[in-house]
Amino acid sequence: MVDPDESDDESPSASPAKKPGEAPPPPPPPEEKKVDEEKAEEEVTIYEFMGYKFPVPQFKMPQIPDWLRVILEYRFPSSIDPFTDLIYVVWLFFVTLAWNWNVWLIPVRCTFPYQTPENIHWWLLMDYFCDGIYIVDIFVMQPRLQFVRGGDIVVIILVTFYLTIQTFFPMDVISLFPLDLLYFFTGVKSLLRFPRLLKYNAFFEFNDRLEAVMSKAYIYRVIRTSAYLLYSLHCNACIFYWGSDYEGLGSTKWVYNGKGNSYIRCYYFAVKTLITIGGLPDPTTVFEIVFQMLNYFVGVFAFSIMIGQMRDVFGAATAGEAYYRHCVDSTVKYMSSYKIPREVQNRVKIWYDYTWKSQGMLDEQELLIQLPDKMRLDIAADVNYSIVSKVALFQGCDRQMIFDMLKRLKSVVYLPGDFVCKKGEIGREMYIIKAGEVQVVGGPDGMTVFVTLRAGSVFGEISLLAGGGGNRRTANVKAHGFANLFILDKKDLAEILVHYPESQKLLRKKAKKMLTKDKKPTDEKDQAKDTGEVIPQRPETPKLFKAALEVGTGQTFAKLKEAYKGATLEVFISPVKPETHCTIFGCSRQKIGIEKQSWRFL
């Protein structure tokens, strides 16, 4: 072992001292080091071929944007629910656009000189693009639609494709019949594309699906009815130009003279003709007279249909408001006939107005009564469960009991200053604040505010469980502003608890605990007097009633006969009714003397 201090090896020389003014260079960040190393490794790669080595530069692919990655990673669904999947509604929109391209532009291209050899390639490009949408819809989208057959949802592609063949497939195939092949013999005639109009099922299905997802479907119905009117005018304009071309442009005053924009001029003629507003030149030839007569007839018939449809659309859109207005008018008429004070009438009107604006209806139960119990329960759970589950009285109870209780809740609106309950009233309901505020008031003047309860608060829950006709309210509760409350009636809760005895026991214990809270009774009698009855236990059978039951079974008679058999009892009484016969306890009395009578037990 050699001592390092005594070693002959030369010790390392000390590093030169740094100048005090120089600061050490900052180390390069680790990320930059990694990037530089990756660049050095990826920029040049050495390849060997037939003994020769040569470098090949490598280029790093740029990072894909998030939106493009989502598109690339998207996988088309194997089955589509046509009633709930929004993607199917979007697809039907594109199919409807392709169908409208043919519906609107085939008449224009057949009559107006807008299709020329210079722009024919653009027309054909759009035509076959729409045909491609038709093909994708028939062979890609329709086979993936789910069907209900015999109550079962069918999602297998082959089976649904078979079902599709049975329903709309024949009409869809006919709509793609390749009459375009006749272009080689007749030239490009857009009239040969008329089979494309047979795919009208997609248009009506799109209307149904879109109205189902819209909150205000009547807006789309108005737009669609207006489009029907515009299309009828569009077709009439095309027919008028064809008639003018048949007669000769500018040959008479009635036909189109060939000046200006041909479509706009013909459309203007169609509007004046179908609406029958007059101001048109008189037809001169037989063709013009017949054409004008048919125009007038179709115009009256078409506009009567349009007006009827518009009336139905607006009637359906305003049906709820009309019902509300009818209820208000009937109530005002009733109050006026009985000369109700003006102040009360104004409060009734305010209640109608606020209830309609806040809820959009007067009675929620009337709207939900058409639904089955399962759907009503689902809606009630979504709306009210979060509020009811917070009530301390119902925590720990059967969950199904809570659900049954949700269907019994009733929504009531109170106006500012209305008393929800008054002191001394018999409590028969529990209140849950849905919106607004209520105040607990009292004091000598009845105006002192003890506490303010807000949305989600509960009061009056003990009244649901109190026996003996209900407990008395101990304070006044009035609405501070407009208040929307849920009310649960005592009778409804009693009908529910019949099926949930365990929850009934739990509620009884909680109610007793709430009633005896902050009270210290001196004895059992005071305790019973202070707490009152809270779902009281079944009382014991009275002693007199027990004795009567024993008499009815014959036990008492047997004991008495056995104890007093053969004994005689002498009683001296005043002879008021010597001939009276006694049947009490099964004994008979015989007359012995005027003042002495004998009782002998049989």
Side-chain angles (χ1 to χ4, degrees), residues 92-93 95-115 126-127 130 171 175 190-208 210-211 217-247 249 254-257 260-283 287-317:
L92 285 179
F93 171 73
V95 178
T96 302
L97 285 181
W99 182 76
N100 276 277
W101 166 267
N102 296 303
V103 168
W104 285 78
L105 293 180
I106 286 178
V108 173
R109 295 162 63 183
C110 290
T111 55
F112 289 92
Y114 290 150
Q115 179 177 301
M126 286 301 303
D127 288 344
C130 295
M171 191 65 68
S175 67
S190 58
L191 188 61
L192 296 176
R193 292 184 55 83
F194 76 90
R196 307 297 186 271
L197 307 182
L198 298 178
K199 199 174 175 59
Y200 56 86
N201 289 318
F203 172 72
F204 292 108
E205 186 178 3
F206 171 71
N207 294 334
D208 296 337
L210 185 62
E211 291 178 7
Y218 66 90
I219 297 178
Y220 176 72
R221 295 191 189 107
V222 172
I223 296 174
R224 185 182 61 200
T225 306
S226 302
Y228 290 159
L229 174 61
L230 296 177
Y231 183 73
S232 62
L233 296 173
H234 169 80
C235 293
N236 190 267
C238 296
I239 295 174
F240 175 69
Y241 185 86
W242 171 81
S244 299
D245 187 46
Y246 175 79
E247 287 283 303
L249 298 179
W254 183 84
V255 300
Y256 169 61
N257 57 9
N261 189 297
S262 57
Y263 181 77
I264 297 299
R265 294 292 184 92
C266 294
Y267 201 92
Y268 175 73
F269 172 85
V271 171
K272 296 182 67 176
T273 303
L274 292 183
I275 301 180
T276 64
I277 59 177
L280 294 173
D282 296 331
F287 175 82
E288 295 173 356
I289 294 173
V290 173
F291 185 89
Q292 192 69 5
M293 290 176 59
L294 293 176
N295 259 350
Y296 284 141
F297 176 76
V298 173
V300 172
F301 183 71
F303 268 85
S304 62
I305 295 177
M306 299 300 173
I307 292 173
Q309 286 189 353
M310 284 291 186
R311 182 198 61 188
D312 295 340
V313 169
F314 283 104

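In this chain, residues are counted from 1 in sequence order. Just so we're clear, the structure is a prediction, and the values are computed from it rather than from any experiment.
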* Does a side-chain heavy-atom distance below 4.5 Å link Val271 with Tyr267? -> yes

* Structure fact -> d(Lys272 NZ, Leu280 CG) to nearest 0.5 Å is 5.0 Å

* Spatial distance of atom CZ (Phe206) from atom CG (Leu92) [nearest 0.5 Å] -> 7.5 Å

* What distance do Asp127 atom CG and Ile106 atom CD1 have between them, rounded to the nearest 0.5 Å? -> 7.5 Å

* To do: Report yes if some heavy atom in the side chain of Arg221 is under 4.5 Å from a heavy atom in the side chain of Asn207; otherwise report no.
  => no

* Asked: With a 6.0 Å cut-off on ring centres, are Tyr246 and Phe287 close enough?
  -> yes

* **Between Phe269 and Trp254, ring centroids under 6.0 Å** => yes

* To do: State, yes or no, whether a side-chain contact exists between Trp101 and Leu97 at a heavy-atom distance under 4.5 Å.
  => no

Please list, one pair per line, the donor and acceptor atoms closer than 3.5 Å that link side chains of residues 232-241 to other protein atoms, with sequence neighbours excluded.
{"residue": "Ser232", "atom": "OG", "partner": "Leu229", "partner atom": "O", "Å": "2.6"}
{"residue": "His234", "atom": "ND1", "partner": "Tyr263", "partner atom": "OH", "Å": "2.7"}
{"residue": "His234", "atom": "NE2", "partner": "Trp104", "partner atom": "O", "Å": "2.8"}
{"residue": "Asn236", "atom": "ND2", "partner": "Asn295", "partner atom": "OD1", "Å": "2.4"}

* Asked: Passes side chain to side chain contact (heavy atoms under 4.5 Å, CB included), Gln115 versus Val108? Steps please.
  -> CA-CA 9 Å; Gln115 179 177 301; Val108 173; over 6 Å; no

* Do Ser262 and Tyr114 have a side chain donor and acceptor closer than 3.5 Å? -> yes

* Asked: Is there side-chain contact between Cys130 and Arg196, with heavy atoms separated by less than 4.5 Å?
  -> no

* Atom pair SG/CG of Cys110 and Leu191 - distance to nearest 0.5 Å -> 4.5 Å

* Asked: What distance do Thr273 atom OG1 and Leu294 atom CG have between them, rounded to the nearest 0.5 Å?
  -> 12.0 Å

* Are Asp245 and Tyr256 linked by a side-chain donor-acceptor pair shorter than 3.5 Å? -> no

* To do: Supply the atom-to-atom distance Phe314 CZ to Tyr218 OH, rounded to the nearest 0.5 angstrom.
  => 9.0 Å

* To do: Start with the C-alpha distance between Leu249 and Val255, add both sets of side-chain angles, then the distance that settles side chain to side chain contact (heavy atoms under 4.5 Å, CB included), and finish with yes or no.
  => CA-CA 6 Å; Leu249 298 179; Val255 300; over 6 Å; no

* Asked: Within a radius of less than 6.0 Å around CE of Met126, do more than 12 heavy atoms belonging to other residues, nucleotides or ligands occur?
  -> yes

* How far apart are the closest heavy atoms of Met171 and Leu198, and which atoms are they? -> CG-O, 3.3 Å

* **Ser175 side chain near Trp99 side chain, heavy-atom distance below 4.5 Å** => no

* To do: For the pair Glu211 and Arg224, find out whether any cationic side-chain nitrogen is under 4.0 Å from an anionic carboxylate oxygen.
  => yes

* Of all the heavy-atom pairs spanning Pro107 and Val103, show the shortest one and how long it is. => CD-O, 3.2 Å

* To do: Could you check if a side-chain atom of Met306 sits within less than 4.5 angstrom of a side-chain atom of Ser226, using non-hydrogen atoms only?
  => no

* Answer yes or no: are there more than 12 heavy-atom neighbours, outside Phe93 itself, under 6.0 Å from its atom CZ? => no

* Asked: With distance as the sole test, does Asn261 use its side chain to make a donor-acceptor pair with the main-chain N or O of Ile264 at under 3.5 Å?
  -> yes

* **Atom OH of Tyr200 with >12 non-hydrogen neighbours under 6.0 angstrom** => no

* Asked: Are Thr96 and Glu205 side-chain neighbours, meaning at least one heavy-atom pair lies under 4.5 Å?
  -> no

* **With Tyr231 via side-chain hydrogen bond (donor to acceptor under 3.5 Å, both in side chains) - residues at least two apart** => none

